[in-house]
Amino acid sequence: MAETVTVELFGSLRRHAGGAATVQVEAATIRDLLKGLGAAYPGLAPQLKRGVSVSIDGKIYTEAMFQPISPENEVVLLPRIAGG
Amino acid sequence: MRYESPSTITDAVTLLADEPGMTRVLAGGTDVLVQLRSGMAEPDLVVDIKRINGIYDIAEEAGGYRVGAAVSGAMLDEHAGVKAAWPGIVEAACLVGSTQVHARATLCGNLCNASPAADTVPPMIAAGAIVRIHGPNGDREIPVEQVATGPGKTSLGKGEMIGSVFLPSRPERSGDAYLRFIPRTEMDIAVVGAAVSLSLDGDTIADARVSLGAVAPTALLLEEGAAALIGSTADDAALEKLAALASAACNPINDKRGTIEFRTDVAGVLAKRATKIAFSRAKGAA
Amino acid sequence: MAFDEYDSENRIFNAVGTRPVRPDGIDKVTGRAMFGADMSAPGMLWGAVLRSPHAHARIKSINTSKAEALSQVKGVVTRADFNADADEQDVLDNCMAGEKVLYDGHALAAVAATSRRAAEKALRLIEVEYEVLPHVTDVDEAMQPSAPVLRDVGGDESVPDGLSKNVMSMCEFGHGDIEKGFAEADLVMEKSFKTAAAHQGYIEPHACLASLGADGRGELWVCTQGHFYIRNLCADIIGIDSTQLRVVASEIGGGFGGKTTVFIEPLALALSRKTNRPVKIMMNRSEVFRATGPTSSTSMDIKIGMKKDGTMTAGLAVNRFQGGAYPGAPVDMGAMCSFACYALENVSSVGYDVICNRPKQAAYRAPGSPMAAFAVESVIDMMCQELDLDPVEVRLKNASKEGTKASYGPRWPRIGLIETLEAAKNHPQYSAPLGPNQGRGIACGFWFNHGGETSVSLALSQDGTVALSVGTPDIGGSRASMCLMAAEELGIPYEKVRTTVVDTASLGYNDVSHGSRVTYASGLATIKAARDAKQKLCGRAAKIWGIPEDAVVWEDGMAKPAGHNAGQHEPLSFAELCGDMGQTGGPISGHFEATPEGAGVSFATHLVDAEVDPETGATRVTRYTVCQDAGKAIHPSYVEGQFQGGAAQGIGWALNEEYVYGEDGRLQNAGFLDYRIPVASDLPMIDCEIVEVPNPGHPYGVRGVGETSIVPPLAAIANAVSRAAGVRMTELPMSPPRILKALKDQDG
Amino acid sequence: MQIHVATKINGDETEYLCDPDETLLDVLRDRLGLTGAKEGCGTGDCGACTVTLDGRAVCSCLVLGAEAQGREIGTVEGIAQGEKLHPLQRKMLEHAALQCGICTPGILVAAKNLLEKNPDPTETEVRFWLAGNLCRCTGYDKIIRAIMDAAAEMRGEAA
């Protein structure tokens, strides 16, 4: 059941979302979240296509599309994390 | 490319003289092989001199030592006589590259490669060492400082090769030292090198020779620097004078290894430090 | 409980935490371990690659006819021999240039011949007509609107107006109001920094042996950190189906991030397809430096506000990274890491990804973070000096901890930064006296760590032993750690497990061995696969005893009835159950295929003592201590090895390593002679303090350790050297000429 | 024209043909299948190709194959005696003194050569002897400890 979650955007994405540091999206999973963001803020689409990670309560998810999200979670959008 | 390994100097000279194309003399190989591998040099003939009789000899001669062209740094390091007489030269030979390079690289090869930064050249110049050159027109001898004429260039003619280097005898109470600056503790090419050889009369420097490497197209023999030391007790005033003269004599380049400014400053510092070591060796403290 | 959660604070480990000899050890001390260049095949040809001598040029024509006319030459390939429709166009173009060469060393043709020397000689017969173009190799110059432009497309939507087309993207992180924060400070300090490009410096050059038929079926033997990933890249670039290419990962002679992509592999495959012969290519050292990835060179501005008591009120970082000729410099990671160690109410970190005429950067251990930490930790150290504060206390006062907000957004879960700072403070080095011309530096560092796609298979054998198949190349002893975790979980001896890095036909996809992920992710997968196998073994015991499956438990390497109600049965050992498995239901394997997402972040604090010769600018590191959070050290010796290796690489980067380009845009020091990595006589022993703050995302609490260890050294050494020399060093490497000049400038 | 060479490798009489410009390293690896010596640089700067030539450690990339005529060569493949590892090999494993292992053959050959000349080296002597053997993984710490420990064992001292 999708509820409204608050997502924090990193700085350079904010101007593509009306300048706000946080936006609200209906989402029950990471997949819903990314779909919803892309639909509501087309300016975010290039970054979403390049890849993002999502932090839920401090734990960073890079692949898990079906990871549940609820309104109580702290949700932060990040560039896709890689490593050496 | 042809590879030959003659057993006499005469055969080696004939091979070198008769080859119309490019030739290389192979002793330790630590420079020649790098040139071959990189395509920097594509010789038609390589003459490996290590099968020549006596080429590995270190012989006492007129109170000094004649060092064969294939004698490696490691062999010098194991020779108590040379090490006692010319510790600066032996140390320099053991600064060239790694343990693995010391096992092969030679004084004569270091000289013939004619790099301005060659480690063993300044201490050989300071020692007044003489090389014996064999060629199609016979043998000749020249001081070490007359071998290199510029980066990668020597005064050797077609068909000539160095067969040995002579490290002369020296009075009691003599000492030499070589110091170089490198960014790491090993494995680098000298950014600056400084060699000092001196003899004492009492505690006074009676005779001295100073040489600098990597600060000019060829290693420098610093006669004014030596003059500043002679008559002194390696006191601070003499050392400061030497340092100033050493820096003033520098004609270096800016490159990936160091700047003109750095080389000029450090040449003075190393000349002082090498003098102190040579001085204490001469006094018998080393 | 979620599949990847920490089991218990109070677990007592048997195998984990011990230090057995690694399973591949004897092969590696007797010379029979097979690395990338050690494999040969009947009828094999040798490949060699023609590389651009120009930093930037249009390729007007390539004439290969003279090379092809040589009898020893069996084939030549150029860009036309590759898949024009490849998805990964930048990777293709980096492997084989198209219209332009973009850096000194850029490949533009490859030859296969009957010997390596013949192939190299044939290269000289290839005639190329170039139109030389203006070039740029410095990041700040490349950002200027007047700079030569590499690619006309320009940057993406994030790039502000007024910058060069070489700026590919901009990113920004942070929160709060930095101006307000600076206003609250007693001291505001601003400083600019630069770091040179450093190469990963693995001792093994890239090497591979390829065999590919015209039907698109082939084999590739290669030293790589990720054979599944490069299988997909190669298939894309040469235009075949990925599963028709079977890739075998050889032993790998170091990678550190640099062997996470392809360079010569598609070329060897294309040459093999063209000649119908196996083709081996081995880079020489000069090619490794000129054409494979160093990390970015950078330029950074830092501004920090601090109260007199050491409280940080605001931080601003502007990071400019060049990533070579293609987009992808790790500046987003760097910007996220800038202030990650500190709980700041007001923070902003900005990054610019810039291209220039250098080889495409490749990942290097915690990509982006060491440079960012160098700049920020240097300014903190300057402020500690200015305010006469203890550098450890200031860091403790501001340290990130569970619940504080990271500078890049999220609130931290359980982390171990404070524990590493305490370990440094309590280490004897911190209070040891210093000699003349010596200084002590301290710095902290952070890295995210990574999970990634992971598959393992754990097959039981009738004699009670285990064959564990993993798909993550072992870059630092990970097979030993996998054996330990399997042994721990199954309750059997370490020696009874054999771990093999299997080929791409033998397992599902595995992400690259990067992001400090192997002990975390393949380890987690091993534990889960072992649990899967145990569950099956309990099922067999239940059948044998005629009781329900849930009435059987696994303890001490045996199946036992779960309590009195399950009846009286003699426990069945692992070996007994394995011996009978054919009769009790058939072979047993445990599996795990998933993408674990619980990689715990890792922090470290490093302590360095350095001595500077004021007359020559020479620096010697005299003492070094690493304090790092490993979560749980599976094989402590290899954890220490990661700590020591990261520190040593950091020492090289800080003091001597750099890419030196000439006015002509050519690399001046493409060899180990003048690209000066630390040698044995340069370094002291490196003390290790393993801090263990368990990662809630791993059953045993493991955090990756491979990358964080290179984050603090640049800064810690810069702080030590600056204190020893009495002058602040803001540019890396802190080479002797640079230090001597700084000393003279200060005096003058 | 190829050159015929008769030499002794790890005690075995060996003959081969090589090109005049072919290095000993290439001969060992590509002609004789002794791939324990590694090419890390080809210029004598990394030590991964270290072998002994008449008892001295050398970079086999800086030796021509033709030079080996009548000499004795020792490679990493000759260090263990049958199934018995040399103390240096054993200590390298016990101390976890290798990560990737590419430098290990060269380090073993060089370290063995050191201990034959100097059975009781100081830490500084070991570090300088091995300065031409680059290791990028370990920071050298565990390598030095392993060699010191092996030397102590070979001297009959308890570690």
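In the text below, chain A, chain B and the rest are named by the order of the sequence lines, each starting its count at 1. Source: prediction; values computed, not measured.
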A/R14 versus chain C, the contacting section by heavy-atom distance below 4.5 Å: side chain

Part of C/Q200 lying under 4.5 Å from any heavy atom of chain A: neither

Chain A contact via C/K259 - side chain, backbone, both or neither, heavy atoms under 4.5 Å: neither

C/F173 portion near chain A, given a 4.5 angstrom heavy-atom threshold: both

Nearest heavy-atom neighbours spanning A/R15 and C/E157: NH1-O, 3.8 Å

Part of C/E453 lying under 4.5 Å from any heavy atom of chain A: side chain

Contacting region of A/A21 [heavy-atom separation from chain C under 4.5 Å]: neither

A/E74 (side chain) donor-acceptor with C/R411 (main chain) under 3.5 angstrom: yes

Pairwise distance CD1(A/I30) to CD(C/E597) - rounded to 0.5 angstrom: 7.0 Å

Between A/E63, A/R80, A/Q47, the one whose heavy-atom pairs under 4.5 Å with chain C are most numerous: A/E63

Where A/L78 and C/M336 come nearest, the two heavy atoms and their spacing: CD2-CE, 3.8 Å

Nearest heavy atoms of A/I60 and C/F448, plus distance in Å: CD1-CD2, 3.9 Å

Verdict with supporting geometry, A/R50 and C/D156, side-chain contact (heavy atoms from CB on, under 4.5 Å): CA-CA 11 Å; A/R50 282 193 293 272; C/D156 67 24; 3.0 Å; yes

Smallest separation among heavy atoms of C/P410 and A/G58, with atom names: CB-CA, 4.0 Å

Contact summary for C/N449 and A/I81, nearest pair of heavy atoms: O-CG2, 4.3 Å

Atom group of C/M333 that falls short of 4.5 Å from chain A, counting heavy atoms: side chain

